[in-house]
There are 2 protein chains.
Amino acid sequence: MLTSKYDCFSCANQNCLIKKHTSSEFIQELLRLKNTIACKKGRQFIMEGAPINGLFFVHTGKAKVLKTGIYGKEQILRFVNDGEIIGHRGFGTREKYSISALAIEDTILCNFSNEVLKEMLQNIPALTYDFMLFYAEELNRSEIKVKTIAHMTVREKVIDALLYINRKFGENHKELLNVQLSRQEIADFAGTTDEQVIRTISSLKKEGLLKAVGKKIGIINVENLKKEISEHNYFLDS
Amino acid sequence: MLTSKYDCFSCANQNCLIKKHTSSEFIQELLRLKNTIACKKGRQFIMEGAPINGLFFVHTGKAKVLKTGIYGKEQILRFVNDGEIIGHRGFGTREKYSISALAIEDTILCNFSNEVLKEMLQNIPALTYDFMLFYAEELNRSEIKVKTIAHMTVREKVIDALLYINRKFGENHKELLNVQLSRQEIADFAGTTDEQVIRTISSLKKEGLLKAVGKKIGIINVENLKKEISEHNYFLDS
DNA sequence: CGCCTATTTGAACCGGGTCAAGCATTGTGG
DNA sequence: CCACAATGCTTGACCCGGTTCAAATAGGCG
């Protein structure tokens, strides 16, 4: 099993926190206990309020992390790409997931149980340190998001969301969406409605700041878009 | 100096992360390197964008942590009470503070430099673990806040803010504010305007949910207030 | 006591959420 | 392969909550 298709040694995600520490001999036994899960597009693999069942890493694929309100409104907190963590904070005192997670395309997930994770963290200080830094950075991002949603206009929020998506998924430089996100999803991330997202995107296209190839949209010039919101984010890269 | 008025051994903050680990012999030398700073009410001791100068703990007093926008709008991210941390994420890659912090009453601060802190974290895994848990919980709170600001009405946001303040500063059960917070400050935390805070508080008083003794306000019945927003927060205690 | 600031209340305005209708696109089954 | 249903996208119009502006009142402090 160690030489499975999805084992950590042959994994391509160099930025994965676990991958970074595979040289530690302590970890090697624990890696055998990893679960690999294939998750179809659209499927929910973490349910807010359900008992915590360890930590997930995205091996390949994409997912969204969100909170749901009673009126059916969703707040997407972040999108997740190859190598990134989902379902964190599954140790500490908390015993229920505080977020939901859904695959937005077919995704391979690596899962470590609570016990295995705890074992790792208690025995590999460098790993714990990396986790600490990870959470600290996530906290930064989240706090920037609080300010974004509280103070920006809808146009600014949508631009901010598009820039984030571009950073996250826009490796091929001319087409924005490596992911196919619905207007609704962009709205749920930006903190507005799908109509507003559509209006803003329409305007941006007319202004020559965005282009559209079929359903996919692409940012013509990232710097021009950034200008509109730069005043709010001294320390972006969120 | 070790037996200073503010040394960690005689400190009353049992929940302070440093205090929890004073038994570690490694830490004892480092504790000598702690700086103690007296900060008058209203004074700013962390400036967003300035180089990071270590980590602060509130020995005694109260402070607010915020981000500032160009239009003079402020977003208060959290209030800080005895024993709590401010100015975190002062290690990692980041080298500038991403938040500002001001004393909201006369405050004694304990400060550890970047070097001392790093030394501690690299040598006391249990401390690093506690820091990791701390950030994970803060992240939870912040993500709840994102949803709160994005989805709640003004009335709900103000109630949520009052409940938070009560949890944070409301030890004496009948009077809410152990702190004297301005309406503006409550608004900057809740994500609205001072006028809306005033209107909401007025309504709540008329409805018998709040009482006012001079400037200070008190929550008559916490449960009744919680009911109005409980539908949004399955996992409150934020 | 008097100035200055914070609080309160009223009124007007407007951004953006909501509703509704039309259009485009995708998918599905006959 | 087409018809048609279902879903998502787009646009326009309306309306309301909440921000903004302004003015009056109360409170705090030298």
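Being a predicted model, the structure only gives us computed values, none of them experimental. Convention: sequence-line order gives letters A, B, ...; per-chain numbering from 1.
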Round to a whole Å and report the spacing from [atom1] of [X] to [atom2] of [N].
X	N	atom1	atom2	answer
A:Glu185	D:dT7	CD	P	16 Å
B:Asp188	C:dA6	CG	P	13 Å
B:Gln184	D:dT20	CD	C1'	13 Å
A:Leu181	D:dT7	CG	C1'	17 Å
A:Ile201	D:dC9	CD1	P	9 Å

Practice problem: Can you measure from CG (A:Leu77) to CD (A:Gln75) and round to the nearest 0.5 angstrom? | Solution: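 So the CG of A:Leu77 and the CD of A:Gln75 are separated by 6.0 Å.
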Which residues share a side-chain hydrogen bond (donor to acceptor under 3.5 Å, both in side chains) with [X], sequence neighbours left out:
X	result
B:Asn35	B:Asn111
B:Ser113	B:Glu115
A:Ser142	B:Ser142
A:Arg155	A:Glu207, A:Glu228

List for me each residue that meets side chain to side chain contact (heavy atoms under 4.5 Å, CB included) alongside [X], sequence neighbours excluded, and say none if there are none.
X	answer
A:Ile108	A:Tyr6, A:Thr36, A:Ala38, A:His59, A:Thr60
B:Leu102	B:Gln44, B:Lys64, B:Leu66
B:Gln14	B:Lys19

Exercise. Please name all residues satisfying ring-ring contact (aromatic ring centres under 6.0 Å, His included) with A:Phe189, sequence neighbours left out, ordered by chain then number.
Key: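 Here the qualifying residues are A:Phe79, A:Tyr164.
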Practice problem: Measure the angle between the two terminal helix axes of the helix from C:dC1-D:dG30 to C:dG30-D:dC1, five base pairs each, and quote it to 10°. | Solution: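 One end axis against the other gives 40°.
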Quiz item: Reading nucleotides 25-30 of chain D 5' to 3', which nucleotides get B (base under 4.0 Å from a protein heavy atom), which S (sugar-phosphate only), which -?
Solution: --SS--
Exercise. Would you give a per-nucleotide map of nucleotides 13-23 of chain C, 5' to 3', where B means the base has a protein non-hydrogen atom under 4.0 Å away, S means only the sugar-phosphate does, and - means neither?
Key: ---SBBB----
Exercise. Identify whether the distance between the nearest side-chain nitrogen and carboxylate oxygen of A:Lys41 and A:Asp106 falls below 4.0 Å.
Key: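 Answer for the salt bridge query: no.
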Quiz prompt | salt bridge (Lys or Arg N to Asp or Glu O under 4.0 Å) contacts touching residues 72-82 of chain B (sequence neighbours left out) | solution =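 Sorted pair list: A:Glu143-B:Arg78, B:Arg78-B:Glu138.
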